[in-house]
Amino acid sequence: MSTSATAGEVQTIVAARLLAGAPSCFIGVGGPSTAAILARAIVNPDLVLVYESGTIGAKPYRIPLSIGDGELAATADFVVPVVEMFNYWIQPGRIDMAFLGAAQIDREGSLNTTVIGDYDAPKTRLPGAGGAPEIATGCDRVMVVAPHAKRTFVERLDFLTTRAAPEAVITDLGVLAPDPEAGGELALTHIHPGVTVDAVRDATGWELRVAADLRTTEPPTDEELSALRELVAR
Amino acid sequence: MSTSATAGEVQTIVAARLLAGAPSCFIGVGGPSTAAILARAIVNPDLVLVYESGTIGAKPYRIPLSIGDGELAATADFVVPVVEMFNYWIQPGRIDMAFLGAAQIDREGSLNTTVIGDYDAPKTRLPGAGGAPEIATGCDRVMVVAPHAKRTFVERLDFLTTRAAPEAVITDLGVLAPDPEAGGELALTHIHPGVTVDAVRDATGWELRVAADLRTTEPPTDEELSALRELVAR
Amino acid sequence: MAEIVELREAVAELVGDGDSVAMEGFTHLIPFAAGHEIVRQGRRDLELIRMTPDLVYDQMLGMGCARRLVFSYGGNPGVGSLHRFRDAIEHGWPVPVEIEEHSHAGMANRYAAGAAHLPFGLLRGYAGTDLTKHTNVKTVTCPFTGEELAAVPALHPDVAIVHAQEADRRGNVQLWGIPGVQKEAVLSAARSLVTVERLVDELVPRPGGIVLPGWVIDAIAVAPRGAHPSYAHDLTDRDNDFYQQWDIISRDRDDFRAWMDEHVLDAEVTA
Amino acid sequence: MAEIVELREAVAELVGDGDSVAMEGFTHLIPFAAGHEIVRQGRRDLELIRMTPDLVYDQMLGMGCARRLVFSYGGNPGVGSLHRFRDAIEHGWPVPVEIEEHSHAGMANRYAAGAAHLPFGLLRGYAGTDLTKHTNVKTVTCPFTGEELAAVPALHPDVAIVHAQEADRRGNVQLWGIPGVQKEAVLSAARSLVTVERLVDELVPRPGGIVLPGWVIDAIAVAPRGAHPSYAHDLTDRDNDFYQQWDIISRDRDDFRAWMDEHVLDAEVTA
């Protein structure tokens, strides 16, 4: 690998590593999808990928643009209707882990994907809930993947779309996790190589706690980075 | 056809005739199944046969012993799980007509298939409800097929399994239908050829009303009878 | 993740005295081999759950395996009575059996609620029947329309047992033909056992095929013809003659016991 | 019984101004051809219902067809915003649009309740979210456990429109691949239209195939490539490039209108 990893690449690789050992993972669109597909390549070849379109056990060769690309259905162990997906698979907690994204996250880890500004007179109308509220309550473990910025990590959500209690929030600057000694408030537990704590604090809209044993993320290995780049290039 | 029709054959043929023009028919085990399959042969080739095992549009060549014989699934337009059958097809009234049997029928047309004697100390324990309670309320039109006897046509049911309001009750002696002038009580509207009104009254456990315009059933034609016998012989 | 084991071992591991056991298969794919193994292992005090008890529960009731039966249609389909079922309920032979009965729609929605981890299922049902006085059904009021609907409690068996055509070597199962409530039974249960006609290297998706992934199953056991006298669509035929013979075999207690001795208790396990 | 008719005729017959219209297809089999025909016929004041509005409703909203939108995820999947959807909600352009939004689980259960002719659907959902203040969701209490659950009102659209791979000449439809909520949409609606890639003499059952019988469908119209830029599994591919181009085409009101003029309003109907 000639060039070093970008912040986004580190974020995706760190997210993928967290899937080691997970039996199954529920995937939304965008960044989380790349991380989960990468996880199958680098840490967890048996990971069952579940997309809310109804494809269970999909084995995509390329990163799909949508959660319903044809390759997902073609490579799935089985495909179920949406009603069955939510009622028989997500709601009972059969899918171990979920990767979610968000436009806003608060210090508890709750998410906004609905609106920036007032609901009835929005500044920016976002897509809305999708499957997230019930995925977050149905899956045992929730991971959030989001870019680290003040407008994303906010003191107060404009709208609470999804009450999540993420085990980890993986950003392009570091990793946040609930601090049991602070009532579960998200605290910085890892910073990515080359990132300073001040930079993370500056990109966070609340007074960010830092874990006593703050660590630096293990840098991407050549194998991880080349697997990711090869996947993205397909 | 050398021999004349038996009472049972007349009953089946009369039941089959009532299916003329019906789009779809729900079928329990036993006699009603034969009538519905016969209907496809003699009066209604497009009749959609629906069995509670989940087979919709079955086209059995032989009379199945059970409602789940392999031929039903093999010839069906489609097959659905039991939950879907009851929730998406029966409950919303998508199946036009139902044929039900019973061990006891009262003058309102309600049915007992649960128990003879006391529920907690039964004289005869019967199979129970099966699909009948919801089939009777889901389907627009209900027909009951039962042998005519005092122990079947009773003043008072030992157990009300299915609240039905049958359009017709087809027996081996005649046909009963609700009399609007008697609050919907079942009255004798047809007697089969060779049967007397007294014989029907004697075989009924309540004071049976007789319709003012009582008619004699049109005798089975040679075509009907040979179609039935051919079907039974297969 | 499903382990592929001997039927004997699977039953010993998964089915204990006093367990609630749901063995499903609606006319098709009835898990007789597993039922016989439970009889051979002498399980007692089971709560047996099944929409249509059929011959498999007639046999288990007649052998005294159950303290309780939950069902919706206890007949020999197209033939008549289930004599052991009747004898158990009418005369408590060989042991008294408590019953809880529902309609098919009620049972199906109980399984569906169990599979969805909802506490109850919702239907228009049981209206105006005597069933409501004798079974576990309540009403809920629609918060939008005020309409009253029937509510049935979710089923959560300790063990579900179903039979299927095939499993792959990773324990994924495919069944096709009449699908019944097998998926719901497995998903509603705490543990599950699937007996299969055959193992295959790879499941080839079939029209009407239903897949149960290995990660919702505890054990797979190979039991060829394990649904007899029921059947496995495309592989075996329903033995309608046997269903008719059963009416005679099962009518008398001694004849029944003799048949069970010969064909079940003393039988070589084939798999 | 389904009649096989021209798409133009089907839309004229089945979709009226002010109707509630559910056009389903979860990423796959989105009925674009029917959406374009509705635009060409100048329908107004529709209540548009769809879990994922996608480009098809972005186009219809931008053309001013709707007074109301019921949905659960209004994004361009994998790309970003739906600009016409945003403009309609943020600025009321070209006409104000009232919204009612749910979660996917809520919408799916609303369709399922509609298909089952139940007044409401039941789920563990919406808990602790601001959605409850802004949408139509209530609670019911389990009569067995006392647990509070979310209740969502059944959907009963005036018309459902879906796209499928094929129909036979009697109007029976088969679709396969990602099945979405198409069956529930059709079964919950008072009327239904299915556009298909092709007519066949006989439906050959497919793995994963879902059959909708002709007797629950009002009209079938042949519309080859009628899901583009969505797709019909095994027959056409998703046009991911177009989904990305749409982000640019739809950003500006004039560009959007020009594109719609050229590709929809002035387009020759192909079927």
Side-chain angles (χ1 to χ4, degrees), chain A residues 28-30 33 51-55 63-74 76 78-87 90-92 110-115 117 119-138 157-164, chain D residues 25-28 51-53 71-82 85-90 99 101-109 111-112 115 123-131 133-134 176-184 208 210 230-231 233-234 236-238 240 243-244:
Chain A
V29 283
S33 180
Y51 289 82
E52 72 194 347
S53 56
T55 56
I63 299 164
L65 181 65
S66 83
I67 54 155
D69 280 23
E71 195 193 358
L72 298 177
F78 59 117
V79 182
V80 299
V82 174
V83 175
E84 177 177 332
M85 174 57 83
F86 281 96
N87 291 1
I90 294 170
Q91 182 165 270
S110 286
L111 310 177
N112 174 19
T113 54
T114 300
V115 69
Y119 185 80
D120 293 312
K123 189 164 154 252
T124 305
R125 174 63 219 200
L126 304 169
E134 288 78 17
I135 290 162
T137 49
L157 300 177
D158 289 358
F159 190 99
L160 198 166
T161 312
T162 299
R163 187 168 287 286
Chain D
F26 201 91
T27 316
H28 176 222
M51 292 182 66
T52 59
F71 72 103
S72 43
Y73 181 85
N76 180 343
V79 178
S81 288
L82 291 175
F85 159 90
R86 283 186 55 184
D87 204 9
I89 296 172
E90 294 172 9
I99 58 171
E101 65 184 303
H102 287 267
S103 66
H104 278 348
M107 281 294 281
N109 279 291
Y111 276 119
L123 69 156
R124 293 183 201 276
Y126 297 84
T129 75
D130 287 341
L131 279 167
K133 297 174 214 158
H134 294 279
W176 63 93
I178 291 170
V181 288
Q182 280 96 310
K183 182 181 268 192
E184 287 80 8
I210 285 187
S230 172
Y231 69 108
H233 198 94
D234 284 339
T236 65
D237 288 321
R238 190 171 194 268
N240 282 342
Y243 273 87
Q244 283 169 316

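Below, read A as the first sequence line, B as the second, and so on, with proteins coming before strands; counting in each chain starts at 1. Just so it is clear, the structure is predicted and the values come from calculations on it, not from any experiment.
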Novice: For A/Val80, which atoms come within 4.5 Å of any heavy atom of chain D: side chain, backbone, both, or neither?
Specialist: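 Just the backbone, heavy atoms under 4.5 Å.
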Novice: Give me the ring orientation class for D/His102 and D/Tyr126: parallel if the planes are under 30° apart, tilted from 30 to 60°, perpendicular past 60°.
Specialist: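 D/His102 vs D/Tyr126 ring planes: perpendicular.
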Novice: Indicate yes or no: at least one non-hydrogen side-chain atom of D/Arg86 is less than 4.5 angstrom from one of A/Leu126.
Specialist: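 No, their side chains stay 4.5 Å or more apart.
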Novice: So does A/Gly68 get a backbone contact from the side chain of A/Tyr51, meaning a donor-acceptor N/O pair under 3.5 Å?
Specialist: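 Here the side-chain-to-backbone pair does not exist.
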Novice: At a 4.5 Å cut-off on heavy atoms, which part of D/Arg238 comes close to chain A: side chain, backbone, both, or neither?
Specialist: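 For D/Arg238, the contact with chain A is made by the side chain alone.
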Novice: Where does D/Met107 contact chain A at under 4.5 Å (heavy atoms): side chain, backbone, both or neither?
Specialist: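 Nothing of D/Met107, per the 4.5 Å heavy-atom cut-off to chain A.
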Novice: Shortest non-hydrogen contact from D/Leu131 to A/Ala129?
Specialist: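 Distance-wise, the nearest heavy atoms are CD1-CB, 3.9 Å.
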Novice: Given a strict heavy-atom distance threshold of 4.5 Å, which part of A/Ser110 is in contact with chain D: side chain, backbone, both, or neither?
Specialist: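 For A/Ser110, there is no contact with chain D at all, as no heavy atom is under 4.5 Å.
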Novice: Measure A/Pro133 against the heavy atoms of chain D and call it side chain, backbone, both or neither at under 4.5 Å.
Specialist: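 A/Pro133 touches chain D through side-chain heavy atoms alone.
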Novice: Do D/Leu123 and A/Phe86 come close enough that some side-chain heavy atom pair is under 4.5 Å?
Specialist: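 Not in contact.
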Novice: Less than 4.5 Å apart, any side-chain heavy atom of A/Asn87 and any of D/Asn109?
Specialist: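 The answer is yes; the side chains approach within 4.5 Å.
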Novice: In terms of heavy-atom pairs under 4.5 Å with chain A, which of D/Ile99, D/Val79, D/Asp130, D/Asp234 leads?
Specialist: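 Highest number of heavy-atom pairs under 4.5 Å: D/Asp130.
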Novice: Between chain D and each of A/Pro81, A/Gly128, A/Ala136, count heavy-atom pairs under 4.5 Å; write down the option with the most.
Specialist: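 Top option by heavy-atom pairs under 4.5 Å: A/Pro81.
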Novice: Do A/Val82 and D/Met51 have side chains that get closer than 4.5 Å, going by heavy atoms?
Specialist: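 A side-chain contact exists here, since the closest heavy-atom pair is under 4.5 Å.
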Novice: Under a 4.5 Å heavy-atom cut-off, does chain A meet the side chain of D/Tyr111, its backbone, both or neither?
Specialist: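 No part of D/Tyr111 comes within 4.5 Å of chain A.
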Novice: Do you know which of A/Ala73, A/Gly138, A/Ala132, A/Gly54 has the most heavy-atom pairs with chain D at a distance under 4.5 angstrom?
Specialist: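 Option with the greatest count: A/Ala73.
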Novice: Does any backbone or side-chain atom of A/Ala121 lie under 4.5 Å from a heavy atom of chain D? Answer side chain, backbone, both or neither.
Specialist: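 Answer is neither: A/Ala121 stays 4.5 Å or more from chain D.
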Novice: Using atom types as modelled and distance alone, determine if a side-chain donor or acceptor of A/Asp158 lies under 3.5 Å from a backbone N or O of A/Gly117.
Specialist: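 Yes; judged by distance alone, with no hydrogens or angles, the pair exists.
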Novice: Could you tell me which portion of A/Thr55 (side chain, backbone, both or neither) has an atom closer than 4.5 angstrom to a non-hydrogen atom of chain D?
Specialist: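 For A/Thr55, the side chain is the part near chain D, not the backbone.
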Novice: If we define contacts as heavy-atom pairs under 4.5 Å, which of D/Ser72, D/Gly208, D/Gly75 has the most with chain A?
Specialist: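 Greatest number of close heavy-atom pairs with chain A: D/Ser72.
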Novice: With a 4.5 angstrom heavy-atom cut-off, which part of D/Gln182 approaches chain A: side chain, backbone, both or neither?
Specialist: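 It is neither, since no heavy atom gets under 4.5 Å.
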Novice: Tell me which of these, A/Glu84, A/Gln91, A/Met85, has more heavy-atom pairs under 4.5 Å with chain D than the rest.
Specialist: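 Highest number of heavy-atom pairs under 4.5 Å: A/Gln91.
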Novice: Report yes or no: does A/Thr162 contribute a side-chain atom to a donor-acceptor pair with the main-chain N or O of A/Ala164 at less than 3.5 Å?
Specialist: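 Here the side-chain-to-backbone pair does not exist.
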Novice: Select, from A/Thr137, A/Val115, A/Thr124, the one with the greatest count of heavy-atom pairs under 4.5 Å involving chain D.
Specialist: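 Most heavy-atom pairs under 4.5 Å with chain D: A/Thr124.
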Novice: Side chain from CB out, backbone as N, CA, C, O: work out which of these in A/Asn112 comes under 4.5 Å of a heavy atom of chain D, or both, or neither.
Specialist: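 Neither part.
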Novice: Is there a donor-acceptor pair under 3.5 Å between the side chain of A/Glu52 and the backbone N or O of A/Ile67?
Specialist: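 Answer holds: no.
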Novice: Between A/Phe159 and D/His134, how do the two ring planes meet: parallel, tilted or perpendicular, split at 30° and 60°?
Specialist: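 Taking D/His134 first and then A/Phe159, their aromatic rings sit tilted (interplane angle of 30° to 60°).
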Novice: Examine whether an atom of A/Leu111 lies under 4.5 Å from a heavy atom of chain D, and if so say whether it belongs to the side chain, the backbone or both; otherwise answer neither.
Specialist: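 A/Leu111 has no heavy atom closer than 4.5 Å to chain D.
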Novice: Highest number of heavy-atom pairs under 4.5 Å with chain A: which of D/Ala112, D/Pro179, D/Ser230, D/Ala127?
Specialist: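 Top count of heavy-atom pairs under 4.5 Å with chain A: D/Pro179.
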